[in-house]
Amino acid sequence: MPELPEVEVVRAGLAPAVTGALVLGVTVLDERALTRHTGDGIHFETALTGRRIVEAARRGKFLWLPLEGSDGEPAREALVAHLGMSGQILLREPGAAPERHERVRLDIQHPDHGDLSVVFADQRTFGSLAIDALIPTSDAAPGGWGTTAASVPEQVAHIARDPLDPAFRDAAFRATLARKDSAIKRVLLDQSVVSGVGNIYADESLWAARIHPETPAKALSTRAVNRLLAEVRVVLEKALAEGGTSFDAQYVNVNGQSGYFSHSLNAYGRTSQPCPRCGRPIVRVSFTNRSSHFCPHCQRVPRRAA
DNA sequence: GGAATAACCTGGATGC
DNA sequence: TGCATCCAGGTTATTC
């Protein structure tokens with residue numbers, strides 16, 4: 001599933017192909033891909049056609065392509081993308097055959113690479129595209145990875161910075177956790193607290209930090225929170241270096257290739273298999289409409305939740 | 001206001 | 001073989 005590493009791989013692949021490119025045409029094949037857009041498909045196509053893309057930026061799991069303002073003014077709008085669970089952004093030759101779950105296609109012209117098609121395909125239609133206004137960041141720091149502009153799409157403004165963002169504040173994160181009575185895994189998945197972490201990397205980080213997913217966030221010591229934050233960063237950076245996690249064709253980079261981090265997982269998806277640390281079996285439990293994987297020996301049940 | 005839950009969605013896997 | 005059901009999970013609206 002696309003979490004921070006997967007989205008960053010897509011952003012990094014997209015950036016050289018779209019930066020400076022002119023949008024020649026837009027085709028919306030399925031308006032369900034525009035659930036975050038305030039207009040209909042025709043509005044989306046009209047608003048985007050003829051615009052020039054400035055760069056490719058990302059915060060957490062959100063991607064956006066700022067659109068050049070008129071007369072060289074700073075970008076005031078951006079094309080925002082969220083991949084949801086199964087969204088893909090693919091670069092294709094102009095006129096390439098439609099992808100199986102293709103929802104939107106942008107035909108662009110790049111000054112160096114010529115004509116290209118940017119295809120948004122999404123099997124489960126949880127992902128979406130939108131044109132949104134850019135607003136100043138609350139901390140005056142760059143909006144996210146891939147941009148130096150201190151702006152962010154309005155619908156991304158509530159998303160916290162991710163742990164790999166230089167502007168992420170560890171102290172503020174610790175203070176937030178100290179006020180939260182919720183289970184630490186739930187807090188890790190709350191994108192308004194820390195972004196980019198999804199079910200896979202939450203399980204992996206908690207396993208690495210030896211913290212039970214049901215531990216109340218406020219019960220964690222400063223030392224434990226620091227250890228968890230360090231492990232979140234290690235896991236995300238390792239996954240990024242390996243091109244993300246792919247279990248099937250659900251996640252691929254802009255060229256349609258899978259990542260390799262699934263071979264490095266220690267807990268997620270390893271139900272009944274031996275814990276790489278102690279050898280006891282990894283267990284899977286239902287947790288807030290999804291599953292949690294952990295080692296009951298290495299990650300002890302907190303007294304309150306027992 | 002904080003926390004918990006349900007709904008959205010498709011296709012692969014599984015059971016009968 | 002074919003049909004029904006379950007499951008995966010990010011985000012957000014709704015409910016408590």
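Protein chains get the first letters and strands the later ones, always in sequence-line order, with residue 1 at the start of each.
Checking the phosphate oxygens (OP1, OP2) of dT10(B), no side-chain nitrogen or oxygen of Ser86(A) falls inside 4.0 Å. When the side-chain nitrogen and oxygen atoms of His101(A) are compared with OP1 and OP2 of dT10(B), none of them lie within a distance under 4.0 Å. In terms of phosphate contacts, His158(A) brings a side-chain nitrogen or oxygen within less than 4.0 Å of OP1 or OP2 of dT12(C). Proximity of Arg124(A) to the phosphate of dG10(C): no side-chain N or O atom is located under 4.0 Å from OP1 or OP2. Taking side-chain N and O atoms only, Arg36(A) has a distance below 4.0 Å to OP1 or OP2 of dT12(C). Phosphate proximity of dC9(B) to Gln123(A): absent, as no side-chain N or O sits under 4.0 Å from OP1 or OP2.
The listed nucleotides are dA8(C), dG10(C), dA3(B); the one nearest the side chain of Lys180(A) is dA3(B). Comparing dA3(B), dG11(B), dT11(C) against the side chain of Phe62(A) picks out dT11(C) as the nearest. Here the nucleotide nearest the side chain of His82(A), chosen from dC9(B), dG10(C), dC7(C), is dG10(C). Of all nucleotides listed (dC7(C), dA3(B), dC9(B)), dA3(B) comes nearest to the side chain of Ser182(A).
Protein atom CD of Gln155(A) is 12 Å distant from nucleotide atom C1' of dT12(C), rounded to whole Å. A straight line from CG of Leu4(A) to P of dT11(C) spans 11 Å, rounded to a whole angstrom. The CG-P distance, from Leu83(A) to dC8(B), rounds to 22 Å in whole Å. A straight line from CG of Leu189(A) to C1' of dG10(C) spans 9 Å, rounded to a whole angstrom. Atom C1' of nucleotide dG11(B) and atom CD of Gln88(A) are separated by 14 Å, given to the nearest angstrom. Asp30(A) has its CG atom 8 Å from the P atom of dT10(B), to the nearest Å. Taking atom CZ on Arg186(A) and atom P on dA3(B), their separation rounds to 9 Å, with Å as the unit. Rounded to whole Å, atom P of dA4(B) lies 13 Å from atom CD1 of Ile184(A).
The two atoms that bring Arg103(A) and Ala33(A) nearest to each other are CB-CB, 3.5 Å, heavy atoms only.
No side-chain donor-acceptor contact under 3.5 Å links Arg290(A) to the backbone of Ser286(A). In this structure, the side chain of Glu45(A) does not engage the main chain of Gly25(A) through any donor-acceptor pair within 3.5 Å. The closest donor-acceptor contact from the side chain of Asp122(A) to the backbone of Gly127(A) lies under 3.5 Å. Side-chain N or O atoms of His293(A) include none that pairs as donor or acceptor with a backbone N or O of Glu204(A) at under 3.5 Å.
Counting atom types as modelled, Arg290(A) pairs a side-chain N or O with a base atom of dG10(C) as donor and acceptor under 3.5 Å.
Note on the helix from dG2(B)-dC16(C) to dC16(B)-dG2(C): terminal axis deviation equals 50°, with five pairs used at each end and the result rounded to 10°.
Note on Ser291(A): only backbone sugar-phosphate atoms sit closer than 4.0 angstrom, heavy atoms only; bases stay farther off.
Side-chain polar atoms of Glu55(A) and Thr147(A) form a donor-acceptor pair below 3.5 angstrom.
Because its NZ or CZ atom is not both nearer than 6.0 Å to the ring centre of Trp64(A) and within 45° of the ring axis, Arg59(A) does not count as a cation-pi partner of that residue.
Note: Phe168(A) and Phe173(A) have tilted aromatic rings, judged against thresholds of 30 and 60 degrees for the angle between ring planes.
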